[in-house]
Amino acid sequence: MWIQTWALMLDAYRELNARKLFWITLILTGLVVLVCATLGIDENGVTFLWFDLPLPINSTVVPVKVFYLSLFTGFGVSLWLTWIATILALVGTAGIIPDLIASGSIETMLSKPISRLRLFMTKYVFGLLFMALQLLLFCGGFFMLIGVRGGSWQPGIFLAIPIVLLFFSYLFSVCVLLGMLTRSTVASLLITLLLWFGLFGINLTDALMISARAAAQLNLQDRQESLDNEIGIAERHLDLMRRDGEPIPGEAGVPLAAGATNTLESVNERIQRRRENIPEAEDRLERAKKWEGRIFLIKTVFPKTSETIGLLERNLISDEDLDRMMPEEEQDDKVLGTMADKRINPIVQDTIRSRSMTWIIGTSVVFELVVLGAAAFIFARRDF
Amino acid sequence: MTTVDYAIDLTDVHKTYRGKIKALRGVTMRVHRGEVFGLLGPNGAGKSTLVKILMTVIRASRCQGGVLGRPVGDKEALGRVGYLPEHHRFPPYLTGAQVLDFYGALGKVPREERRRRTSEMLELVDMKDWAKTKVGRYSKGMRQRIGIAQALMNSPDLVLLDEPTDGVDPVGRRDIRNIVARMRDEGKTVLINSHLLSELEMVCDRVSILVQGQVRQQGTLDELTADQRHYAIELASDPASARETFRAALPGAVGLSEQSRLLMAPPDAPPEDGPASRAGLAARRHLREELPSGEWIEIERSTIRVGTTDPNAMSPIIDALRAHGAVIRSMGPHRPSLEDLFMAAVTTDDGHTLGPGAAEGSR
C-alpha cells in the first residue's frame with residue numbers, strides 16, 4: 001500500500017513541478033510578501049521603501065503588529081489568497097480530473113491493483129496540495145515579516161492555511177465533480193467560477209435581506225416608540241387637566257364642544273394615525289423576515305465562502321483593535337453606506353457574527369462531502 | 001466458476017451500454033496458461049470491451065468466471081497481470097524510466113525489484129538510450145515499446161496487449177514478436193488483440209474470432225482450418241482448356257458425375273451467390289461439391305482443390321490429368337491463412353461482410 005501511495009505522491013510532485021502555472025503562482029505569492037515587506041509604519045505614518053505615503057494613520061493609532069496583521073487579513077488573505085491565488089490555483093488544478101480520466105491514460109491506471117476510490121482521493125488531495133504549498137509560502141513569509149518588522153511573532157497566522165484551504169476545497173470539489181461530468185478542463189473551470197460568483201451574489205443578497213429586515217425592525221420599533229410617545233404626551237396632558245380640575249372631553253357627562261380642536265383632540269388623532277401605521281410596519285417586518293429566512297436556507301445548502309474566510313479575521317484581530325483601526329462612523333459607511341439609518345449596519349454585523357462556526361463550517365463541509373461523494377461515485381462506477 | 005487451469009476463463013459475458021447497445025452478447029472464452037492467444041474481430045466487434053472488462057476499466061453487465069483463478073476485478077489477480085492499452089498515453093512529464101518505475105510501483109513492485117526490472121525492461125525493448133528522455137518527446141513506436149515494457153514491469157503471469165504493433169515499424173514489429181515468443185518460453189500467457197492477422201498468425205497458438213459481440217470461432221489454427229486444409233493442383237493451361245481436361249479426367253478418377261454443376265459451369269464463372277470480387281473461402285463454398293469418398297472438391301479457373309491432407313488421395317487425380325495430357329504447373333498442400341479464416345468468419349452466407357458489431361437491441 002505504501003509503495004503505491006509513495007508513487008502517487010511522487011507523481012503528484014512531478015506533475016506539480018511540470019506545471020508552469022504552479023511556479024508562476026508561487027513566484028507571484030513570494031513577490032506579494034516581498035512587496036508587503038517593503039511597507040512600514042512609524043510615528044510619522046506609513047512608508048514604502050524610503051518614501052512616506054500620505055495616509056492618515058501612524059503607529060500611535062495602529063500598532064505595528066496590528067498594521068501587518070491587518071495587511072495580512074485585509075489584503076493578503078481577502079484579496080490575494082481568496083481571489084487571485086485561488087483563481088490561479090483553480091486554473092492550475094482544473095485539469096487534474098479531466099487529465100486522469102482522459103482516454104489512453106485512465107486504462108493503465110485502472111488496470112493496476114489499486115482501488116478507484118483511492119486513486120480519486122489521491123488526485124483530489126494533490127489538487128489541495130497545489131494550494132497548500134502557496135499558502136505555506138505566503139503564511140511563512142508573513143510570519144517572518146510580522147516577526148522581524150512588527151516585532152511580534154504570530155503563529156496564529158498559520159491558521160490561514162487550514163481556513164483558506166477549506167475555502168479552496170469547497171470550490172475545488174465542485175471543479176472536480178464538473179471535471180468528472182464534462183471531462184473538460186475549460187468547462188469545469190468556467191462553471192466553477194460561475195458558481196463562485198453565484199455564491200458571492202447569494203452573500204450579497206443575504207446581507208441585503210438582513211438589512212431590509214433590520215430596517216423593517218427599526219421602522220416598527222420607531223413607530224411603536226412614536227406611538228408610545230404620543231400616548232405619553234396625551235396621558236401627561238390628561239393628568240394636567242385632572243390636576244387642574246378641568247372637565248375632560250369624551251369622559252362621562254362632558255360633551256365634546258362642536259368643532260373644537262383642542263390639544264387633546266389633535267393628540268388623539270395622531271395616536272389613531274400612528275396605531276394605524278403599526279400593522280403595516282409589522283407586515284413589512286414579517287415579509288422581510290420571510291425573505292431573510294429563505295435566503296438563509298439557500299445559504300445553508302451552499303458553501304459559506306466569505307464567512308469561512310471571515311473566521312480568520314475573527315480569530316486574528318481582536319474587536320478592540322478593529323475598533324481602533326476603524327472608528328464607528330467609518331464602519332457604518334463601509335457596508336451599505338447608502339442606508340440612511342446608521343443603526344442598520346451593527347444589526348447586520350451582529351447577525352452575521354452570530355452565525356456559529358458549526359453552521360459556517362459544518363454545512364459547507366456537508367456540501368463539499370456531498371459533491372465529492374457524487375464525483376467519487378461516478379468515478380467508481382463509470383466505464384472508461 | 002473459476003478454474004485454475006485457465007489463465008482466462010470467461011462464461012457468458014454480456015455488456016450493454018446505456019441499456020441499448022449490446023457490445024458483448026454472451027462471450028465464452030478460455031485461454032490456457034502458457035499460450036499466446038489472439039483475439040480477432042472487425043472494428044466494433046467488442047474485443048477492446050472484453051479486454052477492458054478483464055482489466056476492470058469497464059464493468060460487465062453480466063460475467064462469470066475469472067482471471068488467473070480469481071474473479072474478474074480481483075486486485076490480487078490484477079497484480080499478476082500486465083496490460084498495454086490501445087492508444088495509451090503516459091504522463092508527458094515522466095521519462096521512460098520514470099514511467100516504468102511509476103507503473104511498476106502502482107503494480108506493487110518493491111523498490112529494489114523495480115530498479116532492476118526497469119533496467120531489464122529498457123534493455124528488452126531496446127530503449128536504454130532513451131530512458132532519460134521525457135515520453136512526451138517519444139515517437140509512436142517508442143511509446144509503444146515503453147508501453148510494452150510497462151506491462152511487463154510486475155513480471156506478470158498474464159499479459160494483455162491491445163494492438164501492440166500499432167504504429168510500430170517492421171523492425172519494431174519483429175522485436176515485439178520476439179518479446180512475445182520469449183514470454184511464451186517463460187511460461188507466461190499472452191493475449192493479443194490485433195488487426196494485423198499476419199502478425200498474429202506468426203505468434204498465436206490459439207485464436208478467438210469475435211463478431212458482433214459473440215465468439216464466432218475459437219481454437220488452434222489447425223483446429224479451425226481442419227475442414228479447409230486441402231491439396232491444390234494448378235494446370236499450366238488457360239481456364240477453358242483446363243475445364244475441358246477436368247471434364248474428361250475427373251469423372252473417372254474421383255467418381256464425380258459428368259453432369260456435375262462443378263464441371264458444367266463456365267470456366268471463369270463467378271460464385272453463384274456472391275460478387276466476383278469477393279474472394280475467400282465463404283464465397284467459394286458455392287462451387288464446392290462432395291465426392292463419393294466424402295472429401296470436397298472445387299474448381300476455380302485452372303486450379304482444382306480437394307479437401308484432403310492425404311497425398312495418396314491425390315495420386316489418381318494426378319494420374320488421370322496427366323493421362324489426358326495436362327501439364328501441371330504446381331501441386332501441394334494448402335492451409336487457409338488466418339486472414340481467410342477471419343474473412344470466412346465475418347462473411348455471411350450471402351457474401352456480405354458483417355459490419356461493426358455493437359448490435360443495437362437484441363437479435
Between [options], which has the largest tally of heavy atom pairs under 4.5 Å with chain A?
{"options": "B:Ala151, B:Pro92, B:Ala105, B:Pro110", "value": "B:Ala105"}
{"options": "B:His87, B:Gln98, B:Gln150", "value": "B:Gln98"}
{"options": "B:Val57, B:Leu78, B:Leu84", "value": "B:Val57"}
{"options": "B:Met55, B:Lys52, B:Lys15, B:Arg59", "value": "B:Arg59"}

- Message: Walk me through whether B:Arg89 and A:Thr108 qualify under side-chain hydrogen bond (donor to acceptor under 3.5 Å, both in side chains).
- Response: CA-CA 9 Å; B:Arg89 264 194 339 191; A:Thr108 321; over 6 Å; no

Please report whether the ring centroid of [Y] lies less than 6.0 Å from that of [X].
{"X": "A:Phe142", "Y": "A:Phe138", "answer": "yes"}
{"X": "A:Phe384", "Y": "A:Phe379", "answer": "yes"}
{"X": "B:Phe102", "Y": "B:Phe90", "answer": "no"}

Kindly list each side-chain donor-acceptor pair under 3.5 angstrom involving residues 131-138 of chain B, sequence neighbours excluded, with atom names and distances?
| from | atom 1 | to | atom 2 | distance (Å) |
| --- | --- | --- | --- | --- |
| B:Tyr138 | OH | B:Gly96 | N | 3.4 |
| B:Tyr138 | OH | B:Trp130 | O | 2.5 |
| B:Tyr138 | OH | B:Thr133 | O | 3.4 |

- Message: Please check this pair: side chain of B:Ser61 against backbone of B:Thr16, looking for a donor-acceptor N/O pair closer than 3.5 Å.
- Response: yes

- Determine yes or no for a side-chain-to-main-chain donor-acceptor pair under 3.5 angstrom, with A:Arg382 supplying the side chain and A:Met180 the backbone. yes

Non-hydrogen atoms of chain A under 4.5 Å away: do they reach the side chain of [X], the backbone, both or neither?
{"X": "B:Arg114", "value": "side chain"}
{"X": "B:Leu94", "value": "side chain"}
{"X": "B:His88", "value": "both"}
{"X": "B:Val109", "value": "backbone"}
{"X": "B:Lys108", "value": "both"}

- Where on A:Arg19 is there a heavy atom nearer than 4.5 Å to chain B: the side chain, the backbone, both, or neither?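 For A:Arg19, there is no contact with chain B at all, as no heavy atom is under 4.5 Å.
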
- Item | Contact class of A:Thr5 relative to chain B, heavy atoms under 4.5 angstrom |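 Neither part.
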
- Query: Would B:Thr11 and B:Arg30 satisfy side-chain hydrogen bond (donor to acceptor under 3.5 Å, both in side chains), going step by step from the backbone distance to the final call?
  - Reply: CA-CA 8 Å; B:Thr11 306; B:Arg30 291 192 173 84; 3.3 Å; yes

- Select, from A:Ile114, A:Leu110, A:Leu8, A:Asp11, the one with the greatest count of heavy-atom pairs under 4.5 Å involving chain B.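 So the answer, after comparing A:Ile114, A:Leu110, A:Leu8, A:Asp11, is A:Asp11.
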
